[in-house]
Structure formats: structure tokens, C-alpha cells
Amino acid sequence: MSSNIPAELRYASTHEWARLEEDGTVTVGITDHAQDALGDVVFVELPELDIEVQAGTEAGVVESVKAASDIYAPVSGTIIAVNNALEDAPEVVNAEPYGDGWFFRLRPTDTAELEELLDAEAYAEVAESEAH
Amino acid sequence: MSERTPLYAEHLADGARMVDFHGWDMPLHYGSQVEEHHAVRRAGGLFDVSHMTVVDVEGDGATAWLRWLLANDVARLKAPGRALYTTMLNAEGGILDDLIVYRRDGGWRLVVNSATRKDDLAWMETQRRKDVMIRERPELAMIAVQGPDVMKLAAAWLGAAAPVVQALKPFGFVEDGDRFVARTGYTGEDGFEVILPGPTAASAWRTLREAGIAAAGLGARDTLRLEAGLNLYGQDMDPSVTPLESNLGWTLAWKPQERDFIGRAALERQREEGVPRRLIGLTLETRGVLRRGHQVMYDGRAIGELTSGAFSPTLGVGIGLARIDAGVEAIAEADVLTVDVRGKALPVKGMKPPFVSRKA
């Protein structure tokens, strides 16, 4: 099954996407491929505001009907916003993984870390290799 | 190579996500497991359960043999057209399977789990007496039609049999030509299950779909049965536990005293010596999801673990079944247990299932 992988985003091999906003912050969510593999999302645990996260470390949990999965910060930074709307409507992660289904926003320590993430083409290969 | 039911093409046409289920290629969901769950609670859903194993038992000795083979007593079924739920035990009282047995005109029908098919058939063969004939019926398909509106929505498909089926009590059934229609199910909702020849299943499925009954997959089936407090074989029970340790004491027919059945002596011993563990329901008191394998803690020690767990779509909370040390049930209801959910101790409340009951 082919999934939606927007060309303008950057990706972690652990299935998070990262978008550099105009104000220099980075918005993070999980990919369409990830939400599809998880099935209906029923619960999201978001990071606390103002904490520092390191790239590749745990910054939340997404629980679906199938399993619990850790969400990793794709780049290092300070959490400046979390999507509290997901507490009451976790299904938005399934419906709009790149839109209203975002998880958190951070102020990156070093925007150069974004360049180390996968581009859409490279992530498509990761997603493809996991598809059955 | 996975086996396919006669409804395989219908599942693909409905956009199903297919998964391997004990050697069968089955629909997990058709887009959203949660929506399918709600469809069954609010109106109606259709499940392909053709992977389940249908076994007919006949012969002069069939009744006496089934009274020996099964822990519930088929003699409770006074006339054809009635069915009951039972376990099948080994000599130690361990659960080999759970099943429904139907009393037909001149014979019996058993519907057992597909995951245990081979072991069940082998067990029955070793226990078989020469005046008993056992015949598996792999050519039959089975569809579960479940939900508060299905008796109305399926009336046209049932045709002339509709009033008869509607008048049946739970666990009643009727044979209408080659359709075997029973008021049974695994969701806690009103509805029926129909056993029918494989070649006729696809047209039945399409007609029922067109009548406004949603296709529902194994994912929804699991959360529905858990909300209804119904055990799943292989998770909530297996040969290492007895019905008394599985919240299934009500399925044991102790009377008449002179009826011996496989496992009876072991169960009587356990009842006298004390049942060491009990299966109870747990609801999570905070946000989150309970899962099979989570440890149940009391006063700093593990007192058992979850055998099933899920997020209840109907209640919007985590629910589960847990097998815990006997004597802790009362404490559980006093609300001081916790469950270890990925390193966090979350408070749970003990209760007696079901979690969700059918609306009157």
C-alpha cells in the first residue's frame, strides 16, 4: 500500500516527520505510513512543555488498537508547544497525520540536524522495505 | 500457504486489511477497527467467522459421549433447536477449548476454535467410542450478524424464516433449508450467526451488506468480546488453567452427581482445596491502554497479570481481564491495585465482567 510522503518534510527512520517552520521552530508528527501500520490511534502521551529533548530520544508515546509505540524527537531542542487536542481526539492522527495530527513543536538546538534526517525519497524506501 | 474462506474476494472488495490468523487469511479491519466496533454497538456488523471449525457428532452413543466429553451437560438441552456454551477439559481440568454445542434432530453440532482445530479433532478421536461418528464440515461457511438493528436489517434476507428467527431466545436456533441460524454471538449484542454452504456465502454477505450492515473485522471482534466479558481461547484460558480459574464456573454442570465428565475429579479437588487464581475484570482509572502481559500489583508485589487488554471504544477507557491470586478480588474492588504500564504504576479498579451490557 503506497502512503503519502510529502516532499517538503524531513523524516526519521523511526517514522516521525519534521517540518521547519518560518519562525525557525520544528513541528513533529508521525508519518502516514506509521499511522496506517498502527491502526486506529486511541491514546497519545505528549512531552512536557519546556523540556529539552535530544535527537533520537523518547518524547512521547502513541497507542493504537494494536500496540504502544514510542515517539522519538527527530532533532534536539526545547519543547515549546504540544497538540493537546489529541487528548480528546487521538483519531486525528489517523485522519491528518501531517496536519491537525501533529504531536509537538520544538525550538531546535541546531537546525543543521534537520539535514541529517531522511528526505522524502529516502524515507519512501524505508517505508517500502517495511511494507508486506 | 494461508487458507482462505469463501468470502475472501468480498473482503478485498470491501478494502480489508488481511492478516494471518492461525493459518487463515482473515480481515483485521476494513479501514477503521474503532468505527466497525461502534457500528456493531449502534446498528449492526457482519463478521466472517468461516475459519471456525464445524464438527457434527452423530450415532447412537453421541449423547452419552458428549456428556462425558464436555464439562457442561448437553442433557440440559431438552429438545432440538437449543444450544449451550461449554468447555472441553483434559483429565487435569485444564481447558482444551471452549465451544458451542447445538442439539439438532438426530444429532449434534459443535463449533470449536480454528486455532485448536487439529488438537480438538485429535483429542475427540482418542476419546471417541465406536457408536459415535465425528464429521468435520469444512465445506460450510459461517457469518456472524451482530448489533441492535440486525434482526430488522436482516429480515428480508432471512425471508420467511425471519419471524421464526426473531422469536428465538438466546442460544436457540433453527435450520431453514441449508441455512443454520442461531441466536448466538461473541459481541454481547443481539443478533445471530448463520452456518451455510460455502458457495452461498458470498451472495449472503453481499445481500446483508446492501441491507446496511457494516463489514467488521477480527480487530473489532476482539474489542467487542472483551467489552462483553467473553474469554478468548489461547489468551484468557488454555490447558494450564481450569474453568474455575477462568470465570467460567457457571458453565460447569455439577449435577447430576452421577454424570462423570473428563476433568470432573480434578475440578472437585480444586474446589475443595481452594481455587488458587481468579480471572477478574479491570478498568483503568486514568488515561491509557491496558495490554495483555501487564503485571497487576498490590502492596508492592505482583499478584497476577493481564490475559487480555484493550482500549474500550464504547467506554473510552482501558479495560482488561487479569488472572490474579485468589483472595485479592475483594481488595481489587476496593480500588487499590495498580497495573505496571511500561514502568508506570497506573490505578485500576477490579470488577466482574461484562464491561458493557446490552441496552434493554
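Numbers restart at 1 for each chain; the letters A, B, ... are given by sequence-line order, proteins then strands. Every heavy atom of this structure was used, including side-chain atoms; hydrogens, water molecules and symmetry mates were not.
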S.K.: Quick check on B:R287 against chain A: is it the side chain, the backbone, both or neither that has a heavy atom closer than 4.5 Å?
M.R.: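 Both backbone and side chain.
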S.K.: Name, in order of residue number, those residues of residues 61-99 of chain A that have a heavy atom at a distance of less than 4.5 Å from a heavy atom in chain B; otherwise write 'none'.
M.R.: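 So the qualifying residues are A:V61, A:E63, A:S64, A:V65, A:K66, A:A67, A:A68, A:E87.
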S.K.: Identify which of B:Q33, B:R291, B:R342 forms the greatest number of heavy-atom pairs closer than 4.5 Å to chain A.
M.R.: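 The residue among B:Q33, B:R291, B:R342 with the greatest pair count is B:R291.
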S.K.: Would you indicate whether B:Q235, at its atom CD, is surrounded by more than 12 heavy atoms from other residues, nucleotides or ligands within a distance under 6.0 Å?
M.R.: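 Check passes, neighbour count above 12.
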S.K.: CD of A:E8: more than 12 outside heavy atoms within 6.0 angstrom?
M.R.: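 Yes.
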S.K.: Are more than 12 heavy atoms from other residues, nucleotides or ligands located less than 6.0 Å from atom CD of A:E121?
M.R.: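 No, not enclosed.
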S.K.: With A:A122, which residues qualify under side-chain contact (heavy atoms from CB on, under 4.5 Å), at least two apart?
M.R.: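 For A:A122 the side-chain contact (heavy atoms from CB on, under 4.5 Å) partners, ignoring immediate neighbours, are A:L118, A:D119.
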S.K.: Just wondering, are more than 12 heavy atoms of other shown residues or ligands nearer than 6.0 Å to CZ in B:R209?
M.R.: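 Counting other residues, nucleotides and ligands, CZ of B:R209 exceeds 12 neighbours.
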S.K.: Listing request: all salt bridge (charged side-chain N to carboxylate O under 4.0 Å, His left out) pairs with a residue in residues 37-46 of chain A, at least two apart in sequence or in separate chains.
M.R.: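 Non-adjacent pairs meeting salt bridge (charged side-chain N to carboxylate O under 4.0 Å, His left out): A:E45-B:K344.
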S.K.: Just jot down the side-chain contact (heavy atoms from CB on, under 4.5 Å) partners of B:H11, sequence neighbours excluded, or say none.
M.R.: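 So B:H11 forms a side-chain contact (heavy atoms from CB on, under 4.5 Å) with B:T5, B:L7, B:A16, B:M18, B:P27, B:Y30, B:D48, B:W205.
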